[in-house]
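Please read the structure below before turning to the comments.
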Amino acid sequence: SSSQVVRDSAKKLVNLLEKYPKDRIHHLVSFRDVQIARFRRVAGLPNVDDKGKSIKEKKPSLDEIKSIINRTSGPLGLNKEMLTKIQNKMVDEKFTEESINEQIRALSTIMNNKFRNYYDIGDKLYKPAGNPQYYQRLINAVDGKKKESLFTAMRTVLFGK
Amino acid sequence: ETAQDSPELLAKSSHLNSKPLDVSNKAPVKTAQNKIPLAHSKYESSKYELPKWKEALGELVIRAFHLDMDRVRAGPVAGSYYYKICKEQGLQYEDEPLSETAKYFYEDLKLPRTFSQWFQITVLHEWILFVRMRAMPFKYGRNYQQKLVDRTFSDIELRLFEEMKVNSGRIADQYLKDFNTQLRGAIFAYDEGFATDDGTLATAVWRNLFGGRKNIDMVHLESVVRYIYSQLYVLSRLSDREFATGKFKFVPPGVKVEKLTPKQEEELKAKTIAKYEALDKDPKTLPSERSRLSYTN
């Protein structure tokens, strides 16, 4: 049946997402983890933590929401009504065979670097004349491969590169 | 694949009827009455013409003091023109119809029509320009970046007071600090994605432009990645001289950017070189129109 097809496609999507590049630095939310959890649910797979224990989906209780509102001034536009909306909006998504296959195709396109390869921008922008080492230094710092020394750091502060 | 060859058609092709959180009525950009114009001063208006005697005096000053026009030009080009085109892309008011580009962001990609969303769209476009500015000679490129950022924050400050009716300087400052943090985070994330792979770039788009939307439509994400590369491709084919004199504009999302064949590329280069060689040789070219930036790269 078509719901079985959707579940199978969702499993494929989960497999694909597991190969998705991991965040180099820690963020509040990780695209990979959030999407894996999302499609595991669609696939009917239990969401498990690192130790293999299944995680119960936790929704914030009204008390928790209240405490969030009382403790912080809140970012732009965030208020009680909206938070309740967020809580209510965690509904099950409806995928069709067509729409879930589009999701797989789009994600594969991204993971295969289709547009990066197609538009092949070249070293003019990847190694910019004004600062050829810019991206390399950024990646080295993020990967922790090469630490900036006090000297190079001060040089960047003073001269901009 | 003909149906999906522009970012807009690609986004529209999705059959996933996702309903992202709609917070649009929480902080709408309402008024069109106190609207801050795209050009703040009369000198920025395309209709304004400097009186002839002022123009002549200006040219004299530039010639007499050997002013570096490539430096001077950063203000009007990056601080005014380039900021204007970044701002326009996602600009919207609740009581006005959306522009064609804005429709792509707010209707096709289903982004909320808020002030902070406008800021994220603007930042994405500024980052695209930053990538090109880094490829200019360092002191000029950096100056262009600085002018663009300076103008962004002076404009936001004005918009917060005039359009969003924030009437406390302290609160406006808080927002400005918040926007500054967002800007730094977004630029860093896009840079990381640009330097590594499209997966990382898409993650940066998801976290910043889409605000980490849980039920993201992957087709929308793909569409934005395509949009970014189309712009960068055009920028990579422009010479420093053209870019620095404000010859770039963003490709609308409904347009597919075709790659140039080697032959077309050669012809385009030859045309640019001929144009600027003639301009540089012409003794009638005004001092303010002169530039030492390369037109061959």
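Every chain is numbered from 1 and lettered A, B, ... according to where its sequence line falls, protein lines coming before strand lines.
- Interface remark: B:D217 contributes backbone and side-chain atoms alike to the contact with chain A (heavy atom separation under 4.5 Å).
- Of the inter-residue distances, the one linking A:N113 atom CG with B:Y229 atom OH reads 6.5 Å to the nearest 0.5 angstrom.
- The shortest non-hydrogen separation linking A:I121 to B:R237 is O-NH2, 3.6 Å.
- Contact annotation for A:D23: only side-chain heavy atoms (C-beta onward) come within less than 4.5 Å of a heavy atom of chain B.
- Atom CD1 in A:I100 sits 14.5 Å away from atom NE2 in B:H15 (nearest 0.5 Å).
- Geometrically, B:R134 engages A:Y134 in a cation-pi contact, judged by NZ or CZ lying under 6.0 Å from the ring centre and within 45° of the ring axis.
- Heavy atoms only, all atoms of each residue included: A:L125 and B:S236 are closest at CD1-CB, 3.8 Å.
- Of the residues considered (B:G212, B:A195, B:S223, B:G199), B:G199 shows the highest number of contacts with chain A, using heavy-atom pairs under 4.5 Å.
- Residue A:T96 does not touch chain B at all, counting heavy-atom pairs closer than 4.5 Å.
- Of the inter-residue distances, the one linking A:I110 atom CD1 with B:D198 atom CG reads 7.5 Å to the nearest 0.5 angstrom.
- Of the atoms belonging to A:L138, it is side-chain heavy atoms, and not backbone ones, that fall under 4.5 Å from chain B.
- How far CG of B:L201 is from CZ of A:F115: 11.5 Å, rounded to the nearest 0.5 Å.
- Listed options B:T203, B:D197, B:N297 were ranked by heavy-atom pairs under 4.5 angstrom with chain A; first place goes to B:D197.
- The local environment of CD in B:E266 is sparse, with at most 12 non-hydrogen atoms from other residues, nucleotides or ligands closer than 6.0 Å.
- Looking only at side-chain heavy atoms (C-beta outward), B:E222 and A:L107 stay at 4.5 Å or farther from each other.
- No cation-pi contact links B:K259 to A:Y119, judged by a cut-off of 6.0 Å to the six-membered ring centre and 45° from its axis.
- Listed for the B:R207 side chain is no donor-acceptor partner under 3.5 Å among the backbone atoms of A:L28.
- At a 4.5 Å heavy-atom cutoff, the contact between A:Y118 and chain B is made by backbone and side-chain atoms alike.
- Contact annotation for B:Y140: neither backbone nor side-chain heavy atoms come within less than 4.5 Å of a heavy atom of chain A.
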Subject >> Test side chain to side chain contact (heavy atoms under 4.5 Å, CB included) applied to A:Y20 and B:T200, step by step >> reply: CA-CA 9 Å; A:Y20 202 86; B:T200 311; over 6 Å; no
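- Proximity to chain B (any heavy atom under 4.5 Å) is shown, for A:Q136, by neither the backbone nor the side chain.
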Let me have the donor-acceptor pairs involving side chains of residues 118-127 of chain B, under 3.5 Å, with sequence neighbours excluded, atom names and distances please.
from, atom 1, to, atom 2, distance (Å)
B:W118, NE1, B:K87, O, 3.1
B:W118, NE1, B:T122, OG1, 3.2
B:Q120, NE2, B:Q182, OE1, 2.9
B:T122, OG1, B:W118, O, 2.8
B:H125, ND1, B:I121, O, 2.8
B:H125, NE2, B:Y227, OH, 2.8
B:E126, OE1, B:T152, OG1, 3.3
B:E126, OE2, B:T152, OG1, 2.7
B:W127, NE1, B:D191, OD1, 2.8

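- With a threshold of 4.5 angstrom between heavy atoms, A:I139 approaches chain B through side-chain atoms but not through N, CA, C or O.
- Evaluation of the ring pair (Phe, Tyr, Trp, His ring centres under 6.0 Å) rule for B:Y106 yields no partner, not counting sequence neighbours.
- Within the 4.5 angstrom heavy-atom criterion, atoms from both the backbone and the side chain of A:R24 approach chain B.
- Using modelled atom types, no side-chain atom of A:E98 and backbone atom of B:L16 make a donor-acceptor pair closer than 3.5 Å.
- Listed by first and then second residue, the salt bridge (Lys or Arg N to Asp or Glu O under 4.0 Å) pairs involving residues 117-137 of chain A are A:R137-A:E148 (not counting sequence neighbours).
- Within 6.0 Å of NZ on A:K22 lie no more than 12 heavy atoms contributed by other residues, nucleotides or ligands.
- Interface remark: B:L221 contributes backbone and side-chain atoms alike to the contact with chain A (heavy atom separation under 4.5 Å).
- Annotation: A:R155, atom CZ; neighbour count of heavy atoms from other residues, nucleotides and ligands within 6.0 Å is above 12.
- For chain B, the nearby parts of A:R116 are the backbone and the side chain; heavy atoms of each come within less than 4.5 Å.
- Neither the backbone nor the side chain of B:I228 comes within less than 4.5 Å of any heavy atom of chain A.
- Ranked by heavy-atom pairs under 4.5 Å with chain A, the list B:A135, B:S14, B:G185 is led by B:A135.
- Using a 4.5 Å cut-off between heavy atoms, B:S230 touches chain A through backbone and side chain atoms alike.
- Here the CE atom belonging to B:M136 is positioned 13.5 Å from the CG atom belonging to A:N131, to the nearest 0.5 angstrom.
- When the heavy atoms of residues 3-17 of chain A are compared with those of chain B, none of the residues falls under 4.5 Å.
- With a 4.5 Å cut-off on non-hydrogen atoms, B:R142 touches chain A through its side chain but not through its backbone.
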**OP:** Take A:Y126 and B:F194, measure what side chain to side chain contact (heavy atoms under 4.5 Å, CB included) needs, and give me the verdict at the end.
**Re:** CA-CA 8 Å; A:Y126 286 123; B:F194 179 62; 3.4 Å; yes
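- Residue A:V29 touches chain B through both its backbone and its side chain, counting heavy-atom pairs closer than 4.5 Å.
- Atom-to-atom distance recorded for B:E192:CD and A:D143:CG is 8.0 Å, nearest 0.5 angstrom.
- At least one donor-acceptor pair closer than 3.5 Å links the side chain of A:Q103 to the backbone N or O of B:M218.
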